[in-house]
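What you see is a predicted model; the values in this text were computed from it and never measured. For the numbers below, each heavy atom of this structure counts, side chains included, while hydrogens, waters and symmetry mates do not. First the proteins, then the strands, lettered A, B, ... as listed; each starts at 1.
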Amino acid sequence: MPELPEVETIRRELQRRLLVQTLRAVEVRVPKMAHPSAAALRRELAGKKILAVKRRAKMLVCELPGQRYLVFHLKMTGQLVFVPRSGRTVSGGHPIPNLGVLPNIFTHVIFRFRSGGTLYFNDQRKFGWVKLVDADGLHELTAHLGMEPLSGAYTWEAFARAAHRYPNRTIKQVLMDAERIAGVGNIYADESCFCARLRPTRRVRTIRENDLRILYRCIPRVLQLALRHKGTTRDTYRRVNGQSGYMAPFLNVYGRKGKPCRRCKTPIVKTVVGQRGTHYCPCCQK
DNA sequence: CGAGACTCCTGCTGGC
DNA sequence: TGCCAGCAGGAGTCTC
Ligand SMILES: [Zn+2]
């Protein structure tokens with residue numbers, strides 16, 4: 001689900017909520033999602049403070065004392081929802097606007113804090129995970145990742161190098177290759193291509209340098225717009241307070257198959273690139 | 001090495 | 001109207 005703007009939105013909200021809060025207890029309901037083990041999380045997290053919440057690609061990294069890191073990946077349908085000290089509870093849970101009562105059947109790991117607050121890790125499809133790692137473990141999780149498109153590492157030279165590395169790939173595959181560019185997923189790859197008026201299906205070697213340069217500038221623009229709107233809720237993505245993001249109505253192509261292009265009215269078409277649904281305007285994008 | 005298919009899991013829905 | 005194959009924000013692994 002969440003791509004860079006959604007994960008960054010969650011990071012900012014978690015940072016505000018969890019900073020310097022102390023963990024009290026951890027409940028793991030789905031062991032396969034917790035690493036190295038449910039027992040290790042229970043044992044090693046109790047009493048630990050959250051010193052910072054950072055993001056790398058689509059991972060959230062909670063820094064703990066002693067070079068320990070609690071890392072989350074939400075994959076397609078993961079949610080992190082924080083409920084401050086519960087007032088009254090309903091049938092043992094916390095009623096959250098738009099989400100119903102937590103914990104629910106999709107709640108697989110629960111973090112309780114000394115403050116009385118609770119962080120619920122929900123995931124409909126159970127692809128997500130949480131890992132407690134040391135500095136080496138964090139390095140293993142992040143070392144292979146490419147540049148952050150909203151960071152200073154993202155330069156035209158680096159982008160052009162990343163693109164030309166695989167001239168026979170489609171441009172969308174380059175945008176979604178986390179080893180080159182971190183955090184761009186299916187939605188914002190399509191949206192960035194629309195912004196640059198390039199079909200996601202175009203092979204890199206056929207793209208003129210100037211068009212590639214336009215795409216280079218489109219990616220951060222698209223991501224920043226989504227960030228300002230707190231991300232795209234298609235289905236399960238939620239902010240830390242349970243609210244949906246506001247970006248969905250502003251999408252130009254993703255999920256708009258058959259709907260008129262906002263620019264030229266031509267129906268948006270859908271195809272497949274790298275086993276992923278791919279959307280573009282056949283008139284505006286060449 | 002690179003490209004593409006398959007896999008993990010569950011719920012929703014488009015199209016018949 | 002009802003049903004179900006196919007599809008869904010990600011990414012690791014396997015084969016060719
Ligand atoms: Zn158009």
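Using bins of under 30°, 30° to 60° and over 60° for the plane-to-plane angle, the ring pair A:His73/A:Trp129 lands in the tilted bin.
Between A:Ala178 and A:Gly277, the residue anchored closer to the 5' end of DNA chain C is A:Gly277, taking for each the nucleotide with the nearest heavy atom. Checking A:Asp235 against A:Asn168, the closest nucleotide of DNA chain B that is more toward the 5' end is the one next to A:Asn168. With the nearest nucleotide of DNA chain B identified for both A:Arg169 and A:Lys32, A:Arg169 has the one nearer the 5' end.
Two residues are said to be in side-chain contact when any heavy atoms from C-beta on lie closer than 4.5 Å; A:Glu191 and A:Asn252 meet this criterion. Side-chain contact between A:Thr266 and A:Cys284 is absent, with no heavy atoms from C-beta onward closer than 4.5 Å.
Among the protein residues, A:Arg276 comes within range of the nucleic acid bases, having at least one heavy atom under 4.0 Å from a base atom. A:Thr233 comes within 4.0 angstrom of a nucleotide base, judged by non-hydrogen atoms across all strands.
Counting heavy atoms of neighbouring residues, nucleotides and ligands inside a 6.0 Å radius, atom NE2 of A:His144 exceeds 12 of them. Residue A:Lys257 places its NZ atom among 12 or fewer non-hydrogen atoms of other residues, nucleotides or ligands, all under 6.0 Å distant.
The listed nucleotides are B:dA3, C:dG12, C:dA8; the one nearest the side chain of A:Tyr166 is B:dA3.
Between the P atoms of C:dC4 and B:dC9, the separation comes to 23 Å (whole Å). C:dT1 and B:dG11: their P atoms are spaced 26 Å apart (whole Å).
For the pair A:Lys270 and C:dA8, the criterion of a side-chain N or O lying under 4.0 Å from OP1 or OP2 is met. Taking only side-chain nitrogens and oxygens, A:His73 comes nearer than 4.0 Å to OP1 or OP2 of C:dA11. Between A:Lys58 and C:dG10 there is a side-chain N or O to OP1 or OP2 distance below 4.0 Å.
Electrostatic pairing of A:Arg169 and A:Asp177 counts as a salt bridge here, judged by a charged N lying under 4.0 Å from a carboxylate O. Ion pair A:Arg161/A:Glu157 not flagged as a salt bridge, since none of the NZ, NE, NH1 or NH2 atoms sits closer than 4.0 Å to an Asp/Glu carboxylate oxygen.
Checked by atom type, the side-chain pair A:Thr271/A:Tyr280 shows no donor-acceptor distance below 3.5 Å. A:His108 and A:Asp123 share no side-chain donor-acceptor pair at under 3.5 Å. A:Tyr188 and A:Glu6 share a side-chain donor-acceptor pair at under 3.5 Å.
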All N/O pairs under 3.5 Å across the protein-nucleotides 4-6 of chain B interface:
{"from": "B:dA5", "atom 1": "OP2", "to": "A:Gln275", "atom 2": "OE1", "distance (Å)": "2.5"}
{"from": "B:dA5", "atom 1": "N7", "to": "A:Gln275", "atom 2": "NE2", "distance (Å)": "2.9"}

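Remark: side-chain polar atoms of A:Glu148 are not paired, donor with acceptor, to backbone N or O of A:Tyr154 under 3.5 angstrom.
Applying a 4.0 Å cut-off to non-hydrogen atoms, the residues of residues 123-139 of chain A that approach DNA chain C are A:Arg125, A:Phe127, listed by residue number.
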Pairs counted only when both distances fall under 3.5 Å, Watson-Crick or G-U: show me the 5' to 3' dot-bracket for DNA chain B, [ ] for pseudoknotted crossings and | for other-strand partners. .|||||||.|||||||
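Taken from SG in A:Cys195 to CD1 in A:Ile214, the straight-line distance is 9.0 Å, to the nearest 0.5 Å.
Rounded to whole Å, atom P of C:dG10 lies 11 Å from atom CZ of A:Arg234.
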